[in-house]
Amino acid sequence: VMSAAAGPQQDDLKARRSHTMERLGPESIAIFWSAPQRVYSNDVNYEYRQDSNLLYLTGIDQEETILVLMPGNETRKEILFVREGDARREHWNGHSLTAAEASAASGIETVMTLNQFQPFIAAMFSKRAMGGAPTEYGRFFQALSDGRGKLALLLEPVFDLASSPGRAAEFAAKLRERFFGFNVQDATPILAELRQIKTPYEQNILRKSVEISSEAHRAGMRAARPG
């Protein structure tokens, strides 16, 4: 467990996660993945672009990041998983966030490494506590026992039954083969609704962005000549 930093951005991110969890309900576990890297050519990737919903909830613009929300937990309602440090990879691709840096950037106190994600999910659906007090995950465990648990994911839209399901749907299917007591919920409408309404913090950022763009247009016009 890390001590999360505070600030206007961290406060706004925390409020976004809180509103998301209110809509999910205490019997849910929600999982949000970062976007994958896209290959441009051979061993060269396109410039990385984070999944918009994960960026909205965490502010973290780094691949191999996973956010888990468990609204019914006693204290560990937000859990972030980030990749382990790798000096060789960082030599070529730049610095990766440490657990403390990811905590400071997102305002999330509980940060684990990516290799702990699958054991953590297996523990949750097996009703075994993993970190925290023995009663920490009691609401979700009871929901599973009662057959009322919810697994919330950003499910990819289905246009064609012949095409392969997306990563989230495949993950849900894998869990359903092994565990019981839960239904799958699409969290996409929740995030879509929340993101339509801009907070004062977001409005401020949008105004600054517009001011910068306007100044760039004016500078361009000042530099231009007839013809």
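Small disclaimer: the values here were computed from a predicted structure and weren't measured. When reading the values below, keep in mind they use all heavy atoms of this one structure, side chains included, and skip hydrogens, waters and symmetry mates.
- Under the 30°/60° scheme for interplanar angles, the aromatic rings of F125 and F140 are found to stand perpendicular.
- The neighbour count for Q118 CD, taken as heavy atoms of other residues, nucleotides or ligands under 6.0 Å away, does not exceed 12.
- Looking at K14 and E78, a side-chain N of the basic residue comes within less than 4.0 Å of a carboxylate O on the acidic one, giving a salt bridge.
- We find the CG-CZ distance between N73 and F141 to be 8.0 Å, quoted to the nearest 0.5 Å.
- Other residues, nucleotides and ligands contribute over 12 non-hydrogen atoms within 6.0 Å of the CZ atom of R167.
- L13 is not listed as a side-chain neighbour of L57, based on a closest heavy-atom distance of 4.5 Å or more.
- Looking at Q116 and T113, their side chains do bring a donor and an acceptor atom within 3.5 Å of each other.
- With a 4.5 Å cut-off on side-chain heavy atoms, D146 and L144 do not count as touching.
- A donor-acceptor pair under 3.5 Å is absent between the side-chain atoms of S103 and the main chain of A99, judged by distance alone.
- A donor-acceptor contact shorter than 3.5 Å links the side chain of K77 to the backbone of P71.
- Contact check for M124 versus M70: side-chain heavy atoms found under the 4.5 Å cut-off.
- For the pair W33/L153, a side-chain contact is recorded, criterion being any heavy-atom separation below 4.5 Å from C-beta on.
- For Y56 (side chain) and R17 (main-chain N/O), no donor-acceptor pair under 3.5 Å exists by modelled atom type.
- H95 NE2: more than 12 foreign heavy atoms inside a 6.0 Å radius.
- Legend: residues meeting ring pair (Phe, Tyr, Trp, His ring centres under 6.0 Å) with F32, ordered by chain and number and at least two apart, are absent.
- By the 4.5 Å heavy-atom criterion applied to side chains, V82 and E64 are not counted as neighbours.
- Using a 4.5 Å cut-off between side-chain heavy atoms of Ile, Leu, Val, Met, Phe, Trp and Tyr, V158 falls into a hydrophobic cluster with L161.
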What's the verdict on side-chain hydrogen bond (donor to acceptor under 3.5 Å, both in side chains) for R83 and T65, showing C-alpha distance, side-chain angles and the deciding distance? CA-CA 7 Å; R83 63 190 180 188; T65 304; over 6 Å; no
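- Counting non-hydrogen atoms of neighbouring residues, nucleotides and ligands closer than 6.0 angstrom, the CD atom of E215 exceeds 12 such neighbours.
- For R88, the CZ atom sits in a loose shell: 12 or fewer heavy atoms of surrounding residues, nucleotides or ligands are nearer than 6.0 Å.
- Under a 3.5 Å cut-off, the side chain of D186 and the backbone N or O of L155 do form a donor-acceptor pair.
- With respect to the salt-bridge test (charged N to carboxylate O, under 4.0 angstrom), the residues R16 and E202 qualify.
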